[in-house]
**Student:** 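Here it is: the structure, laid out below.
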Amino acid sequence: ASSQKWWKEAVVYQVYPASFMDSNGDGLGDIRGIASKLDYIKSLGATTIWVCPHYDSPQIDLGYDISDYESVFPPYGTLQDMQDLIDGCHSRGLKIIVDLVINHTSDLHKWFQESRSSKTNPKRDWYIWRPAKYDADGKRQPPNNWRSNFSTSAWTWDEATQEYYLHLFCPEQPDLNWENPNTRKAIYSSAIEFWLKRGVDGFRVDTVNMYSKPQGLPDAPVINPKAEHQVASTLYCNGPRMTEYLSEMNAIMAPYDTMTVGECPCTPDRSRVLQYVSAAAKQLDMVFQFDVVDVGQGTEAKYDTTPFNWKLPDLKRAINNSQSLIVGTDAWTTSFMENHDQARSVSRFASDAPEFRVASGKMLALLNTTLSGTLFVYQGQEIGMVNMPKDWPIEEYKDVESGNFYRYVAEATNNDPKALARAKTAIQHLSRDHARYPMAWDASPQGGFSTNPATWMRVHDLAGEINVAAQQDDEHSVLGFWRQMLRTRQDLARLLVYGYYEIIDEENEKVFSYWKTNGGDKALVVLNFTSEEHVLSLPDTVTADQLKLVVSTYGTPQSAVTTLKPYEGRLYVLD
Ligand code: TEU
């Protein structure tokens, strides 16, 4: 892709419809609510919005279970509301991308309803059906040992037709059979062309590397002998026909000036990622790698972890995995730290203690806005929203992933209090719910999100303090700092959007510093990841008087070499 592509310097603001803005007082966000905030989004310096699934859905996995690609979830609004949103973006010079969830549908999608109706239905083969296996005792077993992403078996038995169907996520999310060309055709026309014709500018492509399953659906290696089902992501990610499917999909989109960003979990191998994002390969424009958001998670399963069991060098190297994609290649990359699947970055990677959370939010903003690639900001990240309060009961967590995990631990340990306490700690640290409670707009009831006290998720106890109105006119706020940095990113795009990232002092566990370079130009970023002051030691190759301070998260201009305040970040350019 040439550097002229509009999406390279794009700043994408991600919106989660359920939690962004409720325009009709039913306690749930909606499309008109999003439309009412477009001027705010634009005022940040964002150029594109990404709307999480707006499609009709029974909402078992909050919209990632789509029952009709061609209609809108009624509580969110109508097709006309979506059209108004698309037009409202375009009239402001904003682009809009939507979620493309085509690895699976909802079990209520008419395709699956037909598929499950009988073994001879013409759509039977649109999903992945297999006969049972029987063990030595004659007990019925699923076709293989795969565990789904939500802690249960990846197979569900269908009584009516006496076969199992595959679902890599919930049982209510059956996987589509991409091997059938008719299925692919239907997907392209219903999920892709339908929306391109209505003017969307591209897609965030959900679980894009899972469409092609391995031949024969073999068992996963037994990593945890005590578990009934095994993590199988290395088997079903990046399967044999991915290149073929993505070429085909790319050709469907080619007549439109789209941007595609694919979600690419379980792919640490740089050369595999490059096959997806090399411009010459014509597959995807960019992907979300998982290295950064996986830092501190359990290796076998996400929640198999304790808070802060990671070290700063882990984060530096994870960032290198995505930043290095553009070095010496025709590929493109992304910078992001939050989305609707991740806990809040301030709580995960810095400190949400009252005295440090503003400094932390700004320091992480400096990190995000100085990394190369297309930049993604998740709603609320720009005001430094933090994880849900620790004293909220487990019932406040609504997401199927955390709920299933908690139930799984309860069953596996027979309600052992220690195991349950550990599970709750992990959920308090990493649950997807932390990204899904309502956005806080002002200090009015429900944080200005809704006039209805019965919001679908509980409003954060700190909504009166951490909200947009409180920061709107304050240049020293997290919001003010994001705005400043998005301008700076544009001014210094050559270094900040396109430059090469180079870690300095990789093993340093307290300070994160790196160069951004492009030709002879150089910028230096230094970030204090601790609550203590640190004296900044400069790399040998540079002297203090060569450094020109562009910005400090503490605002006041300071001499080049001095002490970093707690969670302070600075950006210098080399004179
Ligand atoms: O997530 C895909 C994915 O890989 C998840 O397992 C992700 O790693 C997990 O949510 C992290 O905790 C996508 C969507 O972003 C997610 O919201 C959906 O639940 C999922 O696909 C199924 O569509």
Side-chain angles (χ1 to χ4, degrees), residues 14-19 50-55 57-67 69 97-107 109 146-152 154 166-176 187 191 203-211 231-238 261-268 287-305 334 336-345 348 376 378-379 387 397-406 408 423 426-436:
Q14 182 190 353
V15 172
Y16 201 62
S19 312
W50 152 22
V51 184
C52 277
H54 58 280
Y55 312 94
S57 160
Q59 306 288 334
I60 302 292
D61 184 20
L62 249 176
Y64 284 89
D65 47 325
I66 296 170
S67 52
Y69 294 105
I97 65 171
V98 292
D99 236 286
L100 181 59
V101 189
I102 50 182
N103 174 69
H104 43 266
T105 66
S106 159
D107 60 336
H109 195 291
W146 294 2
R147 172 177 170 166
S148 79
N149 281 281
F150 296 146
S151 304
T152 61
L166 178 72
H167 52 87
L168 299 182
F169 294 88
C170 290
E172 296 85 354
Q173 292 167 296
D175 277 51
L176 284 157
I187 293 172
F203 299 97
R204 175 272 189 183
V205 197
D206 192 63
T207 56
V208 75
N209 61 350
M210 301 185 192
Y211 305 160
V231 173
S233 34
T234 50
L235 289 173
Y236 59 68
C237 288
N238 311 314
V261 50
E263 195 198 22
C264 198
C266 307
T267 315
V287 294
F288 295 127
Q289 289 160 277
F290 273 56
D291 309 86
V292 171
V293 293
D294 281 352
V295 164
Q297 296 194 357
T299 40
E300 201 246 334
K302 165 174 172 174
Y303 292 113
D304 184 14
T305 184
T334 55
F336 73 101
M337 254 192 168
E338 288 191 18
N339 60 43
H340 64 291
D341 290 337
Q342 302 298 331
R344 293 294 179 171
S345 57
R348 272 185 84 175
F376 293 79
Y378 181 66
Q379 67 180 47
N387 277 4
Y397 293 80
K398 305 295 180 200
D399 178 35
V400 58
E401 184 196 63
S402 41
N404 276 10
F405 167 69
Y406 198 74
Y408 169 80
I427 288 172
Q428 286 174 332
H429 191 51
L430 290 177
S431 167
R432 310 200 295 186
D433 296 270
H434 300 298
R436 299 178 178 193

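Every number for a ligand or one of its atoms is a count from 1 in the order of the listing.
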**Student:** Do Asp304 and Lys302 meet the salt-bridge criterion of a basic N to acidic O distance under 4.0 Å?
**Tutor:**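 No, no charged N to carboxylate O under 4.0 Å.
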**Student:** I'd like to know if the side chain of Tyr303 reaches the main chain of Phe405, judged simply by a donor and an acceptor atom lying under 3.5 Å from each other, with no hydrogens or angles considered.
**Tutor:**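 Judged by distance alone, no pair lies under 3.5 Å.
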**Student:** Taking 4.0 Å as the limit for heavy-atom contacts, which would you say applies to Phe405 with ligand 1: side chain only, backbone only, both, or neither?
**Tutor:**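 Neither part.
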**Student:** Can you label the angle between the His340 ring and the Trp50 ring as parallel, tilted or perpendicular, going by 30° and 60°?
**Tutor:**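 If you compare the ring of His340 with that of Trp50, the planes turn out perpendicular.
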**Student:** Is there a heavy atom in His167 that sits closer than 4.0 Å to ligand 1?
**Tutor:**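 Flag not set, His167 not near ligand 1.
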**Student:** Atoms of ligand 1 less than 4.0 Å from His340 heavy atoms?
**Tutor:**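 Those qualifying, in numeric order: 14 (C), 15 (O), 16 (C), 17 (O).
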**Student:** Of the listed options (Leu430, Asp341, Val293), which comes nearest to atom 16 (C) of ligand 1 when hydrogens are ignored and any heavy atom counts?
**Tutor:**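 Considering heavy atoms of Leu430, Asp341, Val293, the nearest to atom 16 (C) of ligand 1 sits in Asp341.
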**Student:** Answer yes or no for Gln297: is there a heavy-atom contact with ligand 1 below 4.0 Å?
**Tutor:**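 It does not; every heavy atom stays at 4.0 Å or beyond.
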**Student:** So, is Thr207 polar-close to ligand 1, with some N/O to N/O distance under 3.5 Å?
**Tutor:**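 So ligand 1 has no N or O lying under 3.5 Å from an N or O of Thr207.
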**Student:** Hey, looking at atom 10 (O) of ligand 1, which of Arg204, Arg432, Lys302 has the closest heavy atom?
**Tutor:**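 Considering heavy atoms of Arg204, Arg432, Lys302, the nearest to atom 10 (O) of ligand 1 sits in Arg432.
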**Student:** Any chance you could lay out the side-chain hydrogen bond (donor to acceptor under 3.5 Å, both in side chains) test for Asp99 and Tyr64, step after step, and finish with the verdict?
**Tutor:** CA-CA 9 Å; Asp99 236 286; Tyr64 284 89; 2.9 Å; yes
**Student:** Do side-chain atoms of Ser57 reach the backbone of Asp65 as a donor and acceptor pair under 3.5 angstrom?
**Tutor:**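 The answer is yes, because a donor-acceptor pair under 3.5 Å joins these two groups.
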**Student:** Hey, does Gln342 come in under 3.5 Å of ligand 1, counting only N/O atoms on both sides?
**Tutor:**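 No, since none of the N or O atoms of Gln342 sits under 3.5 Å from an N or O of ligand 1.
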**Student:** Would Arg204 pass as a cation-pi partner of Phe376, given that its NZ or CZ must be under 6.0 Å from the six-membered ring centre and within 45 degrees of the axis?
**Tutor:**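 That pair does not qualify as a cation-pi contact.
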**Student:** Mark up the atoms of ligand 1 that fall under 4.0 Å of a heavy atom belonging to Glu263, in ascending order.
**Tutor:**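 Those qualifying, in numeric order: 1 (O), 2 (C), 3 (C), 13 (C), 15 (O).
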**Student:** Go through ligand 1 atom by atom and flag the ones less than 4.0 Å from a non-hydrogen atom of Glu401.
**Tutor:**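 Ligand 1 atoms under the 4.0 Å threshold to Glu401: 9 (C), 10 (O), 11 (C), 12 (O).
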